[in-house]
Amino acid sequence: MLPYEPREIEPRWQGVWEASRLDEVREGDDKPCYYVLEMFPYPSGDVHMGHVRNYSIGDVISRYKRMRGFNVLHPIGWDSFGLPAENAAIKQDSTPAEWTYRNIERQRASLKQLGFSYDWNRTVITSDVNYYHWGQWIFLKLWEQGLVERRSSPVNWCPSCKTVLANEQVLGEGACWRCGSTVERRELEQWFFKITNYAQELLDDLDTLEGWPERVRQMQANWIGRSTGAEIDFALCDADKNPSDERITVFTTRPDTLFGCTFFLLAPEHPLVKRLVEGTVFEAEVARVVELAATATAVERSKGERKKNGAFTGRFVVNPINGEKVPIWIADYVMMDYGTGAVMAVPSGDQRDFEFARAYGLPIPPVVIAEDDPLFETLYEARERKLDDVTWEAAFDGAGVMVQSAEFTGMKGGKDSPGSQAVIDKLAAQGAGRATVNFRLRDWLISRQRYWGNPIPAIYCDNCGIVPVPEEDLPVVLPMDADVAKGETLASRPEFYHVTCPRCGAAAHRETDTMDTFTCSSWYYLRYTDPHNTALPFAREKVDAWMPVDQYIGGIEHAILHLLYSRFFTKALRDIGLLAFDEPFSNLLTQGMVKLNGEVMSKSKGNVIAPEDMIARFGVDALRLYTLFMAPPDKDLDWSQEGLEGVSRFVNRVWRSAHDLLGETVVDEEGTLLSLYDESLDAAAAAARGKELNRELHRVIGKVTADIDRFNFNTAISAVMELVNTISSYLRVPLALRDEPLAHRAARTLVLLLAPFTPHICEELWQVVFGEEGSVHLQSWPEFDPKQAIADVVELAVQINGKVRARVTVATSATEDEVREASLAAAASLIGDKPVKKLVVVPGKLVSIVV
RNA sequence: GGGGGCGUGGCGGAAUUGGCAUACGCAGCGGACUUAAAAUCCGCCGUCGCAAGACAUGAGGGUUCGAGUCCCUCCGCCCCUACCA
């Protein structure tokens with residue numbers, strides 16, 4: 001036996017597989033299609049353990065499905081536009097393109113070294129012109145559909161990255177997702193994708209994504225943030241309640257509390273504020289609060305308990321339900337970008353309004369109260385206002401009964417309650433309100449004031465305004481040699497910037513903003529199905545054949561951003577007629593992180609375990625197997641060097657066991673005999689061990705198959721370890737007494753079951769050691785025969801009054817009556833003469849006797 | 001504040017539908033082989049107990065012949081999200 005040398009075996013087989021194009025998709029056969037996809041990497045540096053784990057999961061699924069008879073699409077590419085390339089280029093006095101493509105080549109080499117079964121002929125690189133060309137084409141199609149808008153809006157600006165950001169790219173407490181800087185709010189004219197047109201469908205279809213983790217579905221639902229309620233119009237009035245024509249509309253989820261509205265709030269940045277107070281005595285104080293809100297937000301926000309600041313504007317509105325005069329205040333807790341930026345404040349029903357009322361001495365009349373509230377007796381059936389304040393410590397925002405609410409008194413109040421509906425109906429009848437649905441989701445801001453991205457195909461003409469670049473003029477090519485270190489931008493390149501207007505022929509100039517990188521990653525999975533198409537982003541029949549992605553694998557950090565944008569793209573492209581399905585990813589697996597001592601590995605912390613170091617010591621197969629064995633795929637994995645060594649020992653053991661099963665004498669490097677025969681075994685004992693081995697083979701085939709199907713790779717591997725333990729027991733049978741066909745079958749089965757996990761050692765054993773024809777990765781998955789996994793006899797536990805008291809061995813084929821009899825006999829001395837009240841038989845498991 | 005998830009040996013974790021809790025691995029302990037070590041192989045390894053046995057899945061209660069799993073109450077931890085009107 002040759003010693004196991006992963007460093008020799010692994011590169012050799014990788015070369016053979018590449019030369020024979022083993023992993024390239026062969027289209028046109030009649031096998032069912034299966035599309036397995038891992039989120040493609042950003043080429044920021046070396047391949048790390050997180051990549052190894054992510055791609056090992058995908059590779060097991062890919063190889064397994066191929067052995068199960070599927071035609072598998074398993075592609076890889078790079079998400080290669082983005083700001084880090086610009087920053088790196090400045091630091092290294094290089095260009096973003098140079099830095100990006102150098103990193104891609106390094107990562108490509110690493111991924112090949114890891115032996116992943118990618119179809120390298122389908123690589124998609126988003127900064128390649130033959131890809132981003134079609135991103136521009138899709139942009140134009142969305143524009144034609146009315147899904148692209150350029151408009152002025154308050155947006156998030158990162159002063160460090162010097163670009164605007166989408167809402168989804170601003171993390172908690174106002175931090176930029178890339179650099180962590182506090183973002184600023186600016187009013188700017190920008191490009192948007194109208195993702196809000198799909199808000200309802202994006203929410204509804206989450207219910208169809210049964211193959212997604214509940215957590216991700218919840219996060220998306222929360223992000224979309226649907227609220228049902230009403231819009232209510234309040235007319236501005238003067239101090240004597242004379243209404244004007246001007247109305248301010250609010251959104252509320254609690255129209256039933258309208259009788260408790262004692263003040264009216266505007267966001268500090270609300271466009272009306274300035275005009276309401278201009279030239280009045282209230283102007284100075286209002287301006288002070290506006291200023292406070294604009295400057296202190298980010299700092300205040302991080303401080304947990306926030307004091308609510310506000311100021312009276314000196315103006316009033318009329319409450320449309322009861323004609324009461326309500327003062328208009330501004331308050332810094334009212335957000336301009338949710339609802340309408342105006343709020344009807346009901347201090348008894350909303351905690352924030354409650355605190356504000358207490359701080360500024362405003363009345364708090366209760367209007368919806370719980371039935372067990374002490375006030376209930378006093379106020380029940382009170383239609384007029386009897387009580388103008390409460391002794392409560394906090395607002396009551398639950399479901400209750402409406403009081404002090406005219407004809408609505410006594411009705412059930414709460415979110416979406418009959419009381420709410422009744423109030424909406426009355427307001428609708430007088431034209432002062434209507435039922436409506438509000439979403440938290442905002443339109444997707446996709447323009448970036450950066451160089452290294454996909455140019456937005458638009459032209460500015462003094463005569464014609466904003467003009468789309470004609471389809472036949474695509475692609476708008478990004479100059480690859482821009483020296484960003486010297487401050488070069490798209491605007492500073494005359495040959496890029498100056499154009500003639502495609503409509504009128506006058507001198508014009510190009511848009512110099514580029515698209516958000518997330519636009520590139522929103523459709524790359526479609527391009528993989530048809531990566532070389534030069535006439536279209538993809539052909540309809542290719543997409544129809546492969547999509548949707550059967551299994552998508554990636555990190556939870558994309559739960560909202562990438563996954564929501566991709567779902568939007570899919571729906572928008574469907575409506576353009578390019579696709580026929582509603583959702584891009586049928587099943588999603590979010591893998592956990594690889595950590596060291598509970599901390600995320602990072603270069604800056606200096607706690608990185610480099611894959612190549614581990615490969616040099618233990619080999620690719622051991623490393624990959626380790627990442628799959630140590631934890632379930634969706635959980636975080638804390639690095640354990642001892643754990644990797646244990647898995648490496650197991651791989652070595654597989655190598656020795658396979659040789660031994662073929663009848664080879666196994667020796668170590670110094671020639672010491674490692675095969676261990678038990679000469680005391682006779683033919684009958686050998687046959688019994690053979691029977692046991694055969695049974696175990698079938699049990700493990702069944703277990704591994706079921707476990708891979710539900711992504712329990714860790715237990716699939718432990719089942720193979722159990723098989724190897726049983727094989728070890730069989731290997732003690734002296735060669736002369738062994739069942740040779742059985743031993744060979746065991747060896748082949750072991751290798752087939754492990755092939756998706758440890759592809760190199762299995763290929764070596766299969767082709768070289770076993771001398772089989774063809775790659776192990778093109779073999780059929782072992783057939784599971786449940787009948788052969790069953791033993792002739794089975795030991796049952798006998799429970800008496802819920803405790804295991806005895807054991808009885810019966811034939812597997814025994815009838816329930818036979819089992820009953822045998823267990824009563826076995827437990828006779830324990831039961832004595834007590835009458836048996838009940839007897840439950842669980843076939844193959846236990847018997848429960850109650851006395 | 002809202003939402004999601006979790007609590008099992010010294011550690012990572014297993015237990016698919018309510019059916020013998022702790023599979024598999026790591027660490028540890030003992031033995032074989034060896035001049036010795038490494039490697040390998042065999043065995044032990046929840047707690048208490050000499051043993052028979054008793055007790056153990058965060059705590060307490062319930063349903064059931066039977067609960068890690070289902071229900072209720074409480075405690076603790078993690079993640080996401082948030083002045084969302």
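The chains referred to below are lettered A, B, ... by the order of the sequence lines, with proteins before strands, and numbering in each begins at 1. None of these values were measured; they are calculated from a predicted model.
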Trainee: Would you call R656(A) and D660(A) a salt bridge, using N to O less than 4.0 angstrom?
Mentor: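 D660(A) and R656(A): not salt-bridged.
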Trainee: Wobble G-U and Watson-Crick pairs count when both distances are under 3.5 Å; given that, what is the 5' to 3' dot-bracket string of RNA chain B, with | for pairing to other strands?
Mentor: (((((((..(((......[....))).(((((.......))))).(((....)))..(((((..]....))))))))))))....
Trainee: Any salt bridge linking R217(A) with E214(A)? Criterion: basic side-chain nitrogen under 4.0 Å from a carboxylate oxygen.
Mentor: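 A salt bridge is present here (some side-chain N lies under 4.0 Å from a carboxylate O).
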Trainee: Could you check S718(A) against R805(A) and say which one's nearest nucleotide on RNA chain B is further toward the 5' end?
Mentor: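 The residue mapped nearer the 5' terminus is S718(A).
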Trainee: Report yes or no: is there a donor-acceptor pair, N or O only, under 3.5 Å between the side chain of K837(A) and the base of rC65(B)?
Mentor: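 Such a pair does not exist between side chain and base.
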Trainee: Which residue pairs satisfy the ring-ring contact (aromatic ring centres under 6.0 Å, His included) criterion with at least one member in residues 627-653 of chain A, sequence neighbours excluded?
Mentor: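 Listed by first then second residue: Y626(A)-W639(A).
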Trainee: Go nucleotide by nucleotide along RNA chain B from the 5' end; which of L676(A) and W223(A) gets its closest nucleotide reached first?
Mentor: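 That would be L676(A).
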Trainee: Between rU16(B) and rG68(B), how far is it from one C1' atom to the other, in whole Å?
Mentor: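 Pairwise C1' distance, rU16(B) against rG68(B), rounds to 15 Å.
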Trainee: Check this for me: does any side-chain nitrogen of one of E722(A) and K703(A) sit under 4.0 Å from a carboxylate oxygen of the other?
Mentor: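 No, this pair does not count.
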Trainee: Does the distance from a Lys or Arg side-chain N to an Asp or Glu carboxylate O, for K415(A) and D397(A), drop under 4.0 Å?
Mentor: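 No.
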Trainee: If we take the P atom in both rC75(B) and rG60(B), what is their distance in whole Å?
Mentor: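 Approximately 15 Å lies between the P atom of rC75(B) and that of rG60(B).
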Trainee: Starting at the 5' end of nucleotides 7-21 of chain B, put B wherever the base has a protein heavy atom under 4.0 Å, S where only the sugar-phosphate does, and a dash everywhere else.
Mentor: -----SSSSB--BB-
Trainee: Taking the basic N atoms (NZ, or NE/NH1/NH2) and the acidic carboxylate oxygens, is any pair closer than 4.0 Å for E692(A) and R689(A)?
Mentor: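 Judged by the 4.0 Å cut-off on N to carboxylate O distance, E692(A) and R689(A) do not form a salt bridge.
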